[in-house]
Amino acid sequence: MEEEEHEVYGGEIPDVAEMEADVDMSAPDDDPAVKELDEMKRRLKEMEEEAAALREMQAKVEKEIGSAQDPATAAASLANKEEADSRSVFVGNVDYACTPEEVQQHFQSCGTVNRVTILTDKFGHPKGFAYVEFVEVEAVQEALVLNESELHGRQLKVLPKRTNVPGMKQYRPRRYNPYMSFGFRRPYPPPYFYSPYGYGKVPRFRRSTRYMPYY
DNA sequence: GTTGAGCGTT
């Protein structure tokens, strides 16, 4: 017991480096109370920093939860995204050397370009496609005309922008539909049209309930 | 990590 206490106060022999580091101290270097105070200050500072970090994290989490739990906020942000999408086009086959400015110049005849985003990978290299967001919704239709137009000697792919369609390449098993069964002939052509802009066919969904008479 | 991919974020 006494041995330990003695060690705490006297056992630590300050080396030269420590002594030099303590030169600024107004109190004597060998005062153990000063050392202890100093240590406490350091730990207090650490705790304050931790508390600040925690507060920041909590604020972040609360914000996320808030937006996730508040349907109005979530719906609003979703609506904003969809609204922005309706004014945007997806541009594929963009040359790696293309700058957003060049893309903006290429599309400025269609309408007012609000912003151009060229997607990049983690190395900062362009992925070869971009989004062009216009101010006017009508500009999108104008921009689609520039599909297969050349930029840096490459034929651009201009498509209406969509979100969350990673499965364009993948085959999607469809839900069972009795009208699709073998031998059945539709009285009219299937609800598809071949898009002149995109790959393959674009589904058109019939909203039968909308036209259902209410009795 | 030196290319040609198909839908992101404040």
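Every chain is numbered from 1, with letters handed out A, B, ... down the list of sequences.
Here the CG atom belonging to A/L144 is positioned 8.5 Å from the SG atom belonging to A/C110, to the nearest 0.5 angstrom.
Nucleic acid contact for A/V89: none, since no nucleic acid atom lies under 4.0 Å from a heavy atom of the residue. Residue contacts shown for A/G128 include a base, since a base heavy atom lies under 4.0 Å away. A/N93 comes within 4.0 angstrom of a nucleotide base, judged by non-hydrogen atoms across all strands.
Screening residues 75-119 of chain A for ring-ring contact (aromatic ring centres under 6.0 Å, His included), with sequence neighbours left out, gives A/F90-A/F129.
Rounding to whole angstrom units, CD of residue A/E133 and P of B/dG8 are separated by 14 Å. In this structure, the CZ atom of A/R87 is 21 Å from the P atom of B/dC7, given to the nearest Å. Atom OH of A/Y131 and atom P of B/dT9 are 8 Å apart (whole Å). As a whole-Å value, the separation of A/Q155 CD from B/dA5 P is 15 Å. B/dT9 atom P lies 7 Å from atom NZ of A/K127, rounded to whole Å. Protein atom CD of A/E83 is 16 Å distant from nucleotide atom C1' of B/dG8, rounded to whole Å.
Minimum atom distance to the side chain of A/F90 is reached by B/dC7, of the listed B/dC7, B/dG8, B/dA5. Checking B/dT9, B/dC7, B/dA5 against the side-chain heavy atoms of A/Y96 singles out B/dA5 as nearest. Among B/dT9, B/dC7, B/dG4, the nucleotide with an atom closest to any side-chain atom of A/K81 is B/dT9.
Nearest-nucleotide assignment on DNA chain B puts the 5′-proximal partner with A/R154, out of A/K161 and A/R154. Checking A/S88 against A/F123, the closest nucleotide of DNA chain B that is more toward the 5' end is the one next to A/F123.
By the 5.5 angstrom centroid cut-off and the 30-degree plane limit, A/F129 is classified as not stacked against the base of B/dC7.
Looking at residues two or more places apart in sequence or on another chain, you find a side-chain hydrogen bond (donor to acceptor under 3.5 Å, both in side chains) between A/N114 and A/E133.
Residues A/V135 and A/R87 approach most closely at O-CD, 3.2 Å, considering heavy atoms. Looking at every heavy atom in both residues, A/V158 comes nearest to A/N147 through N-OD1, 2.9 Å.
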